[in-house]
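For reference, the structure is listed below as structure tokens.
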Amino acid sequence: MSTAKKDSVGLADPTRLEPYHAKPKDSTSGTAKPGEELLQVVVETPRGSRNKYSFDPEQRVFRIKSALPAGMAFPFDFGFIPSTTGGDGDPLDVLILMEEPAFPGCVLLVRLLGVMEAEQTEQGKTKRNDRLIAVAEISQLFANLETLDDLPRQLRSEIDEFFTQYHRLQGKQSRTLSWKDAAAATRLIERARHKRSAA
């Protein structure tokens, strides 16, 4: 049996990182200049995964939260913005567009495209569960995307349908309220930071 102290086990808590971080000076890819402040995201579930991973702050480990059925997988990397609290009580969710999947716990710098405002209902209770949409700074394939309007309409529909079905499998109802621009997404982040600070 381990005799390690409780506060010395597990990983560093990524939920406590700053939501913004300067692009490293040795970075050679992306559209931002070295030293420029970008949004920082912690990946929980990689693109193509049927397993839904989640950071457990109590044990400070990543764990498998649930599994999707055969034929269903996450369309892009899915993670959270540290030091924020969303309408569901968890850090704000982010869907990250990039070519290859990362891994649980990987930290990425991203550019915001906007936000998919949504609500979910479970056992008669409805709460907000917005999803920010962002492009990984290192991405080359998605580097030309600057706003949500640059996303193909079909891709928006597929993202919407994925989350609808994902929540349905959990016994929840999900409804997309609207798609808003990067300015609205930034305001959402600032509110979520204040909410976290007040907690």
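Every heavy atom of this structure was used, including side-chain atoms; hydrogens, water molecules and symmetry mates were not. Please read all numbers here as calculations on a predicted model, not as lab measurements. Quick note: residue numbers are just sequence positions, from 1.
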Can any side-chain N or O of [X] pair as donor or acceptor with the backbone N or O of [Y] at less than 3.5 Å?
{"X": "Thr147", "Y": "Asp149", "answer": "yes"}
{"X": "Thr126", "Y": "Glu122", "answer": "no"}
{"X": "Ser49", "Y": "Thr45", "answer": "no"}

Stepwise salt bridge (charged side-chain N to carboxylate O under 4.0 Å, His left out) test for Glu190 and Arg193: CA-CA 5 Å; Glu190 291 311 305; Arg193 291 180 73 181; 3.6 Å; yes
Given side-chain contact (heavy atoms from CB on, under 4.5 Å), test Ile189 with Leu132 step by step and report yes or no.
CA-CA 9 Å; Ile189 292 169; Leu132 300 171; 3.9 Å; yes
Task: Sub-6.0 Å ring centroid separation between Tyr53 and Phe62 - done: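 Aromatic pair excluded; centres sit 6.0 Å or further apart.
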Where is the tightest heavy-atom contact between [X] and [Y], given as atom of each residue plus distance?
{"X": "Ala32", "Y": "Glu137", "answer": "N-OE2, 2.7 Å"}
{"X": "Thr85", "Y": "Lys195", "answer": "O-CD, 3.6 Å"}
{"X": "Leu92", "Y": "Leu188", "answer": "CD1-O, 4.0 Å"}
{"X": "Met72", "Y": "Leu68", "answer": "O-CB, 3.6 Å"}
{"X": "Thr31", "Y": "Lys23", "answer": "N-NZ, 4.4 Å"}
{"X": "Pro19", "Y": "Ile81", "answer": "CB-CG2, 3.7 Å"}

Is any side-chain N of the basic residue among [X] and [Y] closer than 4.0 Å to the acidic one's carboxylate O?
{"X": "Arg47", "Y": "Asp77", "value": "no"}
{"X": "Lys180", "Y": "Glu117", "value": "yes"}
{"X": "Arg175", "Y": "Glu119", "value": "yes"}

Cluster check [X], [Y]: I/L/V/M/F/W/Y, side chain < 4.5 angstrom:
{"X": "Ile133", "Y": "Leu141", "value": "yes"}
{"X": "Phe55", "Y": "Val94", "value": "no"}
{"X": "Val135", "Y": "Phe162", "value": "yes"}
{"X": "Leu151", "Y": "Leu112", "value": "no"}
{"X": "Leu38", "Y": "Leu113", "value": "no"}

Using the salt bridge (charged side-chain N to carboxylate O under 4.0 Å, His left out) rule, take Lys127 and Asp88 through it: C-alpha gap first, then chi angles, then the decisive distance, then the call. CA-CA 6 Å; Lys127 57 187 174 183; Asp88 60 353; over 6 Å; no
Just by distance, with hydrogens left out, do Thr15 and Asp13 show a side-chain donor and acceptor under 3.5 Å apart? yes
With side chains defined as the heavy atoms from C-beta onward, is the minimum distance between [X] and [Y] less than 4.5 Å?
{"X": "Leu109", "Y": "Gln40", "value": "yes"}
{"X": "Met116", "Y": "Leu148", "value": "no"}
{"X": "Leu108", "Y": "Met98", "value": "yes"}
{"X": "Arg168", "Y": "Lys172", "value": "no"}

Q) Step by step, would you call Leu39 with Arg111 a side-chain contact (heavy atoms from CB on, under 4.5 Å)? A) CA-CA 7 Å; Leu39 189 64; Arg111 293 183 293 105; over 6 Å; no
Working for side chain to side chain donor-acceptor pair (under 3.5 Å), residues Ser139 and Glu99
CA-CA 7 Å; Ser139 176; Glu99 292 84 332; 3.0 Å; yes
Taking ring pair (Phe, Tyr, Trp, His ring centres under 6.0 Å) as the test, write out the residues that go with Phe80, two or more places apart.
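Partners of Phe80 by the ring pair (Phe, Tyr, Trp, His ring centres under 6.0 Å) criterion come out as none, since no residue qualifies.
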(request) Check the angle between the aromatic planes of Phe78 and Phe163 and answer parallel, tilted or perpendicular using the 30° and 60° thresholds. (result) tilted
